[in-house]
Number of protein chains: 2
Amino acid sequence: MDVRTLCLGVLHLGDATGYEIRKMFEEGLFSHCLEASFGSIYPALSKLAEDELVICRDERQSGRPDKKVYSLTEEGRADFKQAILQDLAEDKYRSEFLFVSVFADLLPQRRMSELVDRQIARMKLMAEETANSIAESDTAGMRFVNGFGQIMYEAAIKYLQENRHLIEKDADRKVQRTTPVLSHT
Amino acid sequence: MDVRTLCLGVLHLGDATGYEIRKMFEEGLFSHCLEASFGSIYPALSKLAEDELVICRDERQSGRPDKKVYSLTEEGRADFKQAILQDLAEDKYRSEFLFVSVFADLLPQRRMSELVDRQIARMKLMAEETANSIAESDTAGMRFVNGFGQIMYEAAIKYLQENRHLIEKDADRKVQRTTPVLSHT
DNA sequence: GAATCCCTATATTGGTCTGATATATCAAGC
DNA sequence: GCTTGATATATCAGACCAATATAGGGATTC
C-alpha cells in the first residue's frame, strides 16, 4: 500500500493539508499502524491532484505561506474503495530493542537495565495515549484500532516487567528462571 | 540501525552466507523484529569485507555456484559492540489490516470478516512458530525475544476474537457493545 | 525419462521512501 | 528582544525493497 493510497484514506476522514496528513501518521490515529514522511506525502498529493482524485484549494493566511487544503473527489473516493479491496501486506513489528536484547551479554550490566526501563516507560506512554484516543474516536473502526493499540502495549509492558531478568544479569540473585513467563490469561 | 550493523549481529551468532543472513530476517529469530533484503545485504557484506570488519572465504561446492561464507573479525566484533551502545529507534508496528479496519464501513459486509479471519489465522501461525522457537533458543536473549513474540501474538488473537464485532456489521445481532473489550489481566 | 517446480546461492536495478535540510512566519516564554 | 517551538511547504541524497536474472540440484509428477 503506497503513500498515495494512505493519503486518500486520511482525506476520507476530512479535508487536510500535507502537514496535517503527516501529523496523522506521526501522532494521530495512524501513528500506531503506518507511517509516511513529507518526502513522500507532498509528491503523492501533487500526483493525486494531477490525476484529479483530489482537488486542492489555496487558503491564504495573513503573513504565513498559503495552506494547500486537499479534498477527495468522487473519483478519489472510488479509487480508495477499490484500493482497500486489494490483498493486504502482513503486519510487521520492527524493534531495535528486541534485536539488541539478543546480544544482551555483550552490553555492560547497567546498559540493558536502562534500555528495559526506557522501553517500559515508552510503552506506558503509548498505552495511555491510545487509551485516551478511544474516548475521542468518532467511529467503531477508530475505537477498534485504538483498543488494539492499547492492549498490545499493555501486554508488552507486562511481559517486560515479568521477564526482564532473562536479559539482565542480576549479580545479587543467584537462582533465576531461565524460561520466559508466558501468562496465559 | 542500518543493514551493515544487522549483518554484524547475525555474524556474531556464527558464520553465514548472504543467503543465510537473509533467511534469519525472513524466517528466523529476527523475522519478528527487523528486516533486510538481498538488495541491501549483499552490498553491505561487500563493504564490510572491504573495511575488514568481516572476512570472506569461498567454499566451493560440486556444481553449484561458490558459497561466500562470511566471518566476523576482531574489528567487526568491536564495531558491533560499539554500534549497539548507540541510541535505539522506537519500535514500530506496521499494519495495513488496522489501517483498513478504520474504513470498515466502506467494505462489503463479508470482506471485513474474511480479513479478520485471515488475520487471526496468520497470528495463530506466528504464535505457534515463536512458541516452538523458544525450545530451540540457545541463549536467554533468544528466549526473551521469542517469548515476547509469542505473548504479543496471543494478545492480538484474543483482542481480535473479542472485538471483531466492532468492525463487522452483523445484521443478525441487534444489540452490541460499541466500546472495545479491554481485558486487564 | 523428461518436464516441471522448488530450493540453494549470488547479484543487479528501478523505483520508492526516509531523514535531513532549507525557507518562512508567528506565538509564547524568558 | 531573543530563543524556542509550532505551522507550513518543499527538495534531495542516500538507503532500501521488490522484482528480476542467472544457474545448478534435487524432488515430484506424468
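Rounded to a whole Å, the CD atom of B/E35 is 18 Å from the P atom of D/dA15. In this structure, B/I41 places its CD1 atom 15 Å from C1' of C/dT12, rounding to the nearest Å. Atom-to-atom, CD of B/E26 to C1' of D/dA19 comes out at 14 Å; the value is rounded to the nearest Å. Taking atom OH on A/Y42 and atom P on C/dT21, their separation rounds to 18 Å, with Å as the unit. Distance CD (B/E90) to P (C/dT18): 16 Å, rounded to an integer number of Å. Distance A/F38 CZ to C/dA22 C1': 13 Å, rounded to the nearest Å. Distance, A/L45 CG to C/dC17 P: 13 Å, rounded to whole Å. If you take CZ of B/R57 and P of C/dT10, they are 12 Å apart, rounded to a whole angstrom.
Listed candidates were C/dA11, C/dG19, D/dA6. Nearest to the side chain of A/Y19 is D/dA6.
Taking for each of B/K92 and B/K23 the nucleotide of DNA chain C with the nearest heavy atom, the 5'-most of the two is the partner of B/K23. Nearest-nucleotide mapping onto DNA chain C: of A/M1 and B/G39, the residue sitting toward the 5' end is B/G39.
Listed by first then second residue, pairs satisfying salt bridge (Lys or Arg N to Asp or Glu O under 4.0 Å) with a partner in residues 13-23 of chain A read A/D15-A/R57, A/R22-A/E26, not counting sequence neighbours.
The 12-atom threshold is exceeded at CD of B/E114, counting heavy atoms of other residues, nucleotides or ligands nearer than 6.0 Å. Residue-environment remark: CD (A/E128) stays at or below the threshold of 12 foreign heavy atoms within 6.0 Å.
At the phosphate of C/dT10, neither OP1 nor OP2 sits under 4.0 Å from any side-chain N or O atom of B/K68.
The side-chain heavy atoms of A/V100 and B/M1, taken from C-beta on, include a pair separated by under 4.5 Å. A/I120 places a side-chain heavy atom less than 4.5 Å from the side chain of A/R164.
A/L88 and A/F25 fall within a single hydrophobic cluster, where Ile, Leu, Val, Met, Phe, Trp and Tyr are joined by side-chain heavy atoms under 4.5 Å apart, directly or via other members.
Summary of helix geometry: the two end axes of the helix from C/dG1-D/dC30 to C/dC30-D/dG1, each defined by five base pairs via their C1' atoms, are inclined to each other by 40° (rounded to 10°).
Among the atoms of the strands shown, only primed sugar atoms or phosphate atoms (P, OP1, OP2) are found under 4.0 Å from some heavy atom of B/G18. B/S40 comes within 4.0 angstrom of sugar-phosphate atoms only, judged by non-hydrogen atoms across all strands, and of no base. Residue-level contact check: B/T17 touches the backbone only, with heavy atoms under 4.0 Å from sugar-phosphate atoms and none from bases.
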Requested in this report: Any chance you could lay out the side chain to side chain contact (heavy atoms under 4.5 Å, CB included) test for A/L98 and B/H32, step after step, and finish with the verdict?
Outcome: CA-CA 9 Å; A/L98 287 180; B/H32 305 285; over 6 Å; no
